[in-house]
Number of protein chains: 2
Amino acid sequence: MQKLTAQRQAILDMINRSDKHWEADDVAYALKEEGVQIGIATVYRGLAALAEQGLIESIQLADKKRYERADKAHHDHLICTDCGNIEEFCEPEIEALQDKVAAERGFKIEGHQLLLFGLCKTCKAGES
Amino acid sequence: MQKLTAQRQAILDMINRSDKHWEADDVAYALKEEGVQIGIATVYRGLAALAEQGLIESIQLADKKRYERADKAHHDHLICTDCGNIEEFCEPEIEALQDKVAAERGFKIEGHQLLLFGLCKTCKAGES
DNA sequence: ATGCCGAATGATAATCACTATCACTATCAT
DNA sequence: ATGATAGTGATAGTGATTATCATTCGGCAT
Ligand SMILES: [Mn+2]
Ligand SMILES: [Mn+2]
Ligand SMILES: [Zn+2]
Ligand SMILES: [Zn+2]
């Protein structure tokens with residue numbers, strides 16, 4: 001079974017003290033910054049282990065995974081294709097409709113991913 | 001500008017004559033099967049070019065891209081985590097709510113991706 | 001305290017989908 | 001024909017992630 005080692009605790013603390021959506025490299029770099037020595041493979045394994053235990057959340061973007069705190073209510077994401085900023089939103093009506101769609105087909109939902117791509121307010125304002 | 005070469009026409013025909021969600025390898029293999037010789041890089045480039053021209057649709061799954069016919073109305077996907085089967089659904093109310101969420105934030109939507117993961121009817125029935 | 005065992009670590013090799021490079025070819029306009 | 005432009009295909013490279021493997025750590029039974 002999974003252990004909460006010093007390295008994993010350091011990763012968990014790092015993620016828990018911000019609202020960022022972290023990628024593995026970011027975590028490794030930030031830990032190195034504050035003097036925690038940890039191999040990149042250990043970061044990947046730690047993130048996977050913590051997510052599996054529900055101590056952090058993971059979201060799958062196009063190419064890479066991001067991790068965030070697990071102590072927030074469920075939400076989905078708006079991703080700015082210009083600056084990369086990620087906003088969060090919660091829309092219970094959408095979730096309910098997803099359940100309806102699945103129920104109609106005899107499909108048992110285990111999870112979902114809703115990503116809205118486009119321009120955030122700031123980037124939209126600065127368009128040519 | 002983009003040309004509709006013989007290779008790209010072959011890719012397009014292959015995709016248009018089925019309802020599958022193709023990955024690049026599948027297309028390359030199927031073409032080889034029917035005697036069309038085409039390099040894998042050309043398949044990747046052809047798929048990207050056809051999608052850019054709107055002649056086929058692309059969806060981004062966790063790790064790899066899939067391509068499908070473009071002559072269907074917009075829809076999202078239910079993905080069986082057991083057998084890999086992909087079902088389609090269309091739910092205008094969800095699309096409308098997405099627009100509402102974005103509008104509230106001054107976010108300009110350029111695209112979205114909604115994936116529902118879980119067990120299809122068949123796989124749900126055969127669970128232990 | 002000592003030894004054992006499963007899990008974790010970290011350096012590094014490997015994987016996998018995809019993209020870049022590059023020499024060559026096909027197409028089209030003059 | 002000539003040149004410009006885009007495409008092709010073999011292959012090398014990329015980047016995120018995972019596998020390998022020798023070494024180390026953390027309990028726990030003796
Ligand atoms: Mn989030
Ligand atoms: Mn589809
Ligand atoms: Zn932005
Ligand atoms: Zn299934």
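A, B, ... follow the sequence lines: proteins, then strands. Residue 1 opens every chain. Side-chain atoms are counted along with the backbone in the values below, which use heavy atoms only and exclude waters and symmetry mates.
- Residues that satisfy the side-chain hydrogen bond (donor to acceptor under 3.5 Å, both in side chains) test with A/Ser58, not counting sequence neighbours, are absent from this structure.
- Residue B/Phe107 comes nearest to A/Leu116 through the heavy atom pair CZ-O, 3.9 Å, listed as atom of the first residue, atom of the second, then distance.
- Bracketed by its first and final contacts, the part of DNA chain D lying under 4.0 Å from non-hydrogen atoms of chain A reaches from D/dA16 to D/dT20 in 5' to 3' order.
- B/His77 pairs by the ring pair (Phe, Tyr, Trp, His ring centres under 6.0 Å) definition with B/His21, B/His75, not counting sequence neighbours.
- Of all the residues in residues 33-58 of chain A, A/Gln37, A/Ile38, A/Gly39, A/Ala41, A/Thr42, A/Arg45 reach under 4.0 Å from DNA chain C with at least one non-hydrogen atom.
- Taking the side-chain hydrogen bond (donor to acceptor under 3.5 Å, both in side chains) definition, one finds that B/Gln113 meets it with nothing, sequence neighbours left out.
- Residues satisfying the side-chain hydrogen bond (donor to acceptor under 3.5 Å, both in side chains) test with A/Lys3, not counting sequence neighbours, are none.
- Between B/Gln9 atom CD and C/dT27 atom P there is a gap of 14 Å when expressed in whole angstrom units.
- Atoms CD (A/Gln60) and P (C/dA17) sit 14 Å apart, rounded to a whole Å.
- Classification of A/Glu57 and A/Lys72 as a salt-bridged pair fails, no side-chain N sitting under 4.0 Å from a carboxylate O.
- Looking at residues 10-31 of chain B, you'll see that no heavy atom sits under 4.0 Å from any atom of DNA chain C.
- Considering all non-hydrogen atoms of both residues, A/Ile11 and A/Val43 come closest at CD1-CA, 3.9 Å.
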Could you list the donor-acceptor pairs under 3.5 angstrom formed between side-chain atoms of residues 33-41 of chain B and any protein atom two or more places apart in sequence or on another chain?
| unit_1 | atom_1 | unit_2 | atom_2 | d |
| --- | --- | --- | --- | --- |
| B/Glu34 | OE1 | B/Arg17 | NH1 | 3.4 |

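- Take A/Arg66 and apply the salt bridge (Lys or Arg N to Asp or Glu O under 4.0 Å) test, not counting sequence neighbours, and it matches A/Glu23.
- Rounded to an integer number of Å, the gap from CZ of B/Arg8 to P of C/dT27 is 13 Å.
- With hydrophobic clusters built from ILVMFWY side chains whose heavy atoms lie under 4.5 angstrom apart, B/Ile59 does not share a cluster with A/Leu114.
- Between the NZ atom of B/Lys65 and the P atom of C/dC18 there is a distance of 7 Å, rounded to whole Å.
- Between B/Glu93 and A/Leu97 the shortest heavy-atom distance is CB-CD1, 3.6 Å.
- Under the side-chain hydrogen bond (donor to acceptor under 3.5 Å, both in side chains) criterion, A/Asp13 pairs with A/Gln9, not counting sequence neighbours.
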So which protein N/O to nucleotides 3-6 of chain C N/O distances come out below 3.5 Å?
none

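- For B/Glu91, the salt bridge (Lys or Arg N to Asp or Glu O under 4.0 Å) criterion is met by A/Lys100, not counting sequence neighbours.
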